Chemist: 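Here it is, the structure in full.
What you are looking at is a predicted structure, and each value in this text was computed from that prediction instead of being measured.
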Amino acid sequence: MSQLDDLAGAPITDPFYRFPWQTLEAIVEGRSAIDLTGLRVSRREAAVEFLRVYGLDPTDPLDEAELETIAGQARHFIEEVLLPWEGLASVPPELPATYPELLLLASTPDHPLRDWACSFLKVSHAVAHARFTQDPTLLEAARAQIFERFSVYIRAGHARLIVTDGEVSIPLVRCDFKPHKPWESLVLKLLHKVDSVAQEVYDHLGVRFVTPDKTYALLLLKFLRSNNVFAYPNVKPSRSVNTLVDLAAFRGRFDELEEAYHQGELTFREFTGAVHQLGEPSQREHGRNPHSSAAYQTMQFTARALVRVPRDGGVYRAFIPFEVQIMDEAAYLQNQGGEAAHHAYRVRQRLAVCRRVFPWHQGP
């Protein structure tokens, strides 16, 4: 009879056969560490080692200063962005200020501050990634190099902006450059998705174009592609969204109008006038962001640009993502109000983050 047979029916007390199921599931079954319901850190030495492996050593003065900064930013984010929320007014003042103590507290069942310690650690995790995921020098270089690709073609035309290469000109209602993602928005984004902070943030940099109609929106996309403003092999397919134009319907109707023009049934002026009346909104679901309204109309995609930065006597190269949005004026005006408005989106996003950060609290 084996030793295991001797233990049949008895509780397994050998630590060798005690599995941290939640942690294992988070690693190999697509769960997020943000959604773990507890930790197993029983000693301060283990807490220090946990932080050291994470990347910040609390026994190192420089890392200790970084941890203090992260703690301050986490407290600020909770109190200024997430709270008050259904009876939660502020972080309890008696909550430990250092991360070894927070880890130990989060591992202590039945402690009255355990839930708060877990929530504080979740937000701190996102704050740390927001601070260290992107190299500021690299991002600054990317901002200049990527935006230059677009701005070189933008001119002030007769009473409006145009995009032009000297031969082809496309009118614009407006053009907006997003030079960075606000810190609070970045932390919110890192907290609201399943991938959490393990995912890359793709919209640090962005450009939004608003055209007079949907046909001009398609013509602008064609212009950007044909002038190599971006390299289409560097577009990330899973990030592409089109709720602006039903391309199949547009193409079918365009082919009919083109045939009528070639048959002499339409003048060129009539043909172009009819083409610029085309553009049924796409009925495809955006399927990407659970907090985006189905009413939000846009064509958008994420591409990468290979950015070069002088470093250590040489040149450092890295692919940096940037987002391009194109919409017509009617969609832009619709997107500014109601369910599709960015403010409504942020409300939905904040509510989802609160539920995830404070699962122990019965909010709305």
Side-chain angles (χ1 to χ4, degrees), residues 150 161 163 170-178 181 185 188-189 192-195 199-226 229-230 232-257 274-304 321-353:
F150 293 89
L161 290 173
V163 173
I170 298 172
L172 295 177
V173 175
R174 63 183 297 151
C175 176
D176 302 307
F177 289 83
K178 183 174 74 173
K181 192 171 187 66
S185 296
L188 268 175
K189 183 159 192 170
H192 90 259
K193 291 190 175 181
V194 173
D195 282 348
Q199 75 172 9
E200 185 171 0
V201 174
Y202 293 97
D203 58 349
H204 277 289
L205 307 175
V207 184
R208 180 177 62 188
F209 294 99
V210 181
T211 60
D213 59 46
K214 291 179 171 59
T215 300
Y216 276 127
L218 289 173
L219 289 169
L220 175 60
L221 182 60
K222 172 190 171 185
F223 178 97
L224 297 175
R225 162 65 193 95
S226 60
V229 178
F230 64 93
Y232 76 85
N234 290 339
V235 171
K236 184 175 176 63
S238 63
R239 292 277 306 170
S240 295
V241 172
N242 173 27
T243 55
L244 185 71
V245 182
D246 186 326
L247 288 180
F250 186 99
R251 181 178 179 179
R253 184 59 182 141
F254 180 89
D255 289 346
E256 293 174 0
L257 292 171
V275 166
H276 282 278
Q277 296 301 312
L278 298 180
E280 289 297 319
S282 173
Q283 300 303 311
R284 296 177 59 187
E285 295 184 4
H286 54 81
R288 196 184 79 195
N289 192 324
H291 307 298
S292 292
S293 167
Y296 192 84
Q297 293 187 27
T298 183
M299 287 193 303
Q300 65 188 62
F301 60 91
T302 296
R304 295 176 184 266
F322 60 95
E323 186 175 84
V324 179
Q325 286 195 28
I326 304 174
M327 61 188 67
D328 69 319
E329 186 173 17
Y332 172 76
L333 293 174
Q334 174 179 299
N335 293 343
Q336 299 309 298
E339 185 184 353
H342 185 67
H343 172 71
Y345 164 84
R346 285 294 295 271
V347 170
R348 293 190 295 272
Q349 185 187 50
R350 174 183 172 273
L351 180 59
V353 169

Chemist: Which heavy atom of Pro212 sits nearest to which heavy atom of Pro171, and what is that distance?
Modeler: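 Closest approach of Pro212 to Pro171, heavy atoms only: CD-O, 3.3 Å.
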Chemist: Measure the CG-CG distance between Asp246 and Leu278 for me, rounded to the nearest 0.5 Å.
Modeler: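 If we round to the nearest 0.5 Å, Asp246:CG and Leu278:CG are 11.5 Å apart.
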Chemist: Give a yes or no on whether the backbone of Gln325 and the side-chain of Thr298 come within a donor-acceptor separation of less than 3.5 Å.
Modeler: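 No, the answer is negative, given that no donor and acceptor are paired below the 3.5 Å cut-off.
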Chemist: Report the C-alpha separation of Phe150 and Leu224 in whole Å, then their side-chain angles, then the decisive distance to 0.1 Å, and conclude whether the side-chain contact (heavy atoms from CB on, under 4.5 Å) test is met.
Modeler: CA-CA 8 Å; Phe150 293 89; Leu224 297 175; 4.2 Å; yes
Chemist: Evaluate the side-chain contact (heavy atoms from CB on, under 4.5 Å) criterion for residues Val210 and Leu172: first the C-alpha distance (whole Å), next the side-chain angles of each, then the deciding distance (0.1 Å), finally the verdict.
Modeler: CA-CA 6 Å; Val210 181; Leu172 295 177; over 6 Å; no
Chemist: Tell me the side chain to side chain donor-acceptor pair (under 3.5 Å) pairs involving residues 215-226, sequence neighbours left out?
Modeler: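 Those involving residues 215-226 are Arg225-Asn228.
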Chemist: Supply the atom-to-atom distance Met327 CE to Leu333 CG, rounded to the nearest 0.5 angstrom.
Modeler: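 These two atoms lie 10.5 Å from each other.
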Chemist: Could you state the interatomic distance from CG (Asn242) to CG (Leu218), rounded to the nearest 0.5 Å?
Modeler: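 With rounding to 0.5 Å, CG (Asn242) is 8.0 Å from CG (Leu218).
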Chemist: Could Glu323 and Arg239 be called an ion pair, given the rule that one side-chain N must be under 4.0 Å from one carboxylate O?
Modeler: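 Salt bridge flag = yes for Arg239 with Glu323.
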Chemist: Check step by step if side-chain contact (heavy atoms from CB on, under 4.5 Å) holds for Val173 and Tyr332.
Modeler: CA-CA 10 Å; Val173 175; Tyr332 172 76; 5.9 Å; no
Chemist: Can you check whether His276 reaches Leu219 side chain to side chain, under 4.5 Å on heavy atoms?
Modeler: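 Yes, close enough: below the 4.5 Å cut-off.
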Chemist: Considering residues at least two apart in sequence or located in another chain, which fulfil the side-chain hydrogen bond (donor to acceptor under 3.5 Å, both in side chains) criterion with Arg350?
Modeler: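 Not a single residue meets the side-chain hydrogen bond (donor to acceptor under 3.5 Å, both in side chains) criterion with Arg350.
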Chemist: Would you list the pairs meeting ring pair (Phe, Tyr, Trp, His ring centres under 6.0 Å) in which at least one residue belongs to residues 234-255, sequence neighbours left out?
Modeler: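 Output for this query lists Phe254-Phe271.
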Chemist: Which heavy-atom pair separates Asn335 from Gln297 by the least distance, and what is that distance?
Modeler: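 Heavy atoms only, the tightest pair is ND2-O, 2.9 Å.
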Chemist: Which residues satisfy the side-chain hydrogen bond (donor to acceptor under 3.5 Å, both in side chains) test with Glu256, sequence neighbours excluded?
Modeler: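 Only Arg253 meet the side-chain hydrogen bond (donor to acceptor under 3.5 Å, both in side chains) criterion with Glu256.
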Chemist: Do Val229 and Val324 have side chains that approach each other closer than 4.5 Å (heavy atoms only, starting at C-beta)?
Modeler: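 Val229 vs Val324: side chains apart.
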Chemist: If I compare all heavy atoms of Ser240 with all of Val235, which pair ends up nearest, and what's the gap?
Modeler: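 Closest pair (atom of Ser240, atom of Val235, distance): OG-CG1, 3.8 Å.
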Chemist: According to side-chain hydrogen bond (donor to acceptor under 3.5 Å, both in side chains), who are the partners of Asp176, at least two apart in sequence or on a separate chain?
Modeler: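 For Asp176, the residues satisfying side-chain hydrogen bond (donor to acceptor under 3.5 Å, both in side chains) (neighbours in sequence not counted) are Arg174, Arg208.
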Chemist: Of all the heavy-atom pairs spanning Gly279 and Val245, show the shortest one and how long it is.
Modeler: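 Answer, listing the atom of Gly279 first, then Val245: CA-CG1, 4.4 Å.
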Chemist: Write down the atom of Asp213, the atom of Asp328, and the distance for their closest heavy-atom approach.
Modeler: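 Closest heavy-atom pair between Asp213 and Asp328: C-CB, 3.4 Å.
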Chemist: Between Phe322 and Phe230, is the ring centroid distance below 6.0 Å?
Modeler: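 When the ring centroids of Phe322 and Phe230 are compared, they turn out to be at least 6.0 Å apart.
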Chemist: For residues Ala217 and Leu244, report the shortest heavy-atom separation together with the two atoms involved.
Modeler: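 Between these two residues, the closest heavy atoms are CB-CD2, 3.9 Å.
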Chemist: Distance from Thr211 atom OG1 to Leu220 atom CG, nearest 0.5 Å?
Modeler: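 Thr211 OG1 to Leu220 CG: 7.0 Å, rounded to 0.5 Å.
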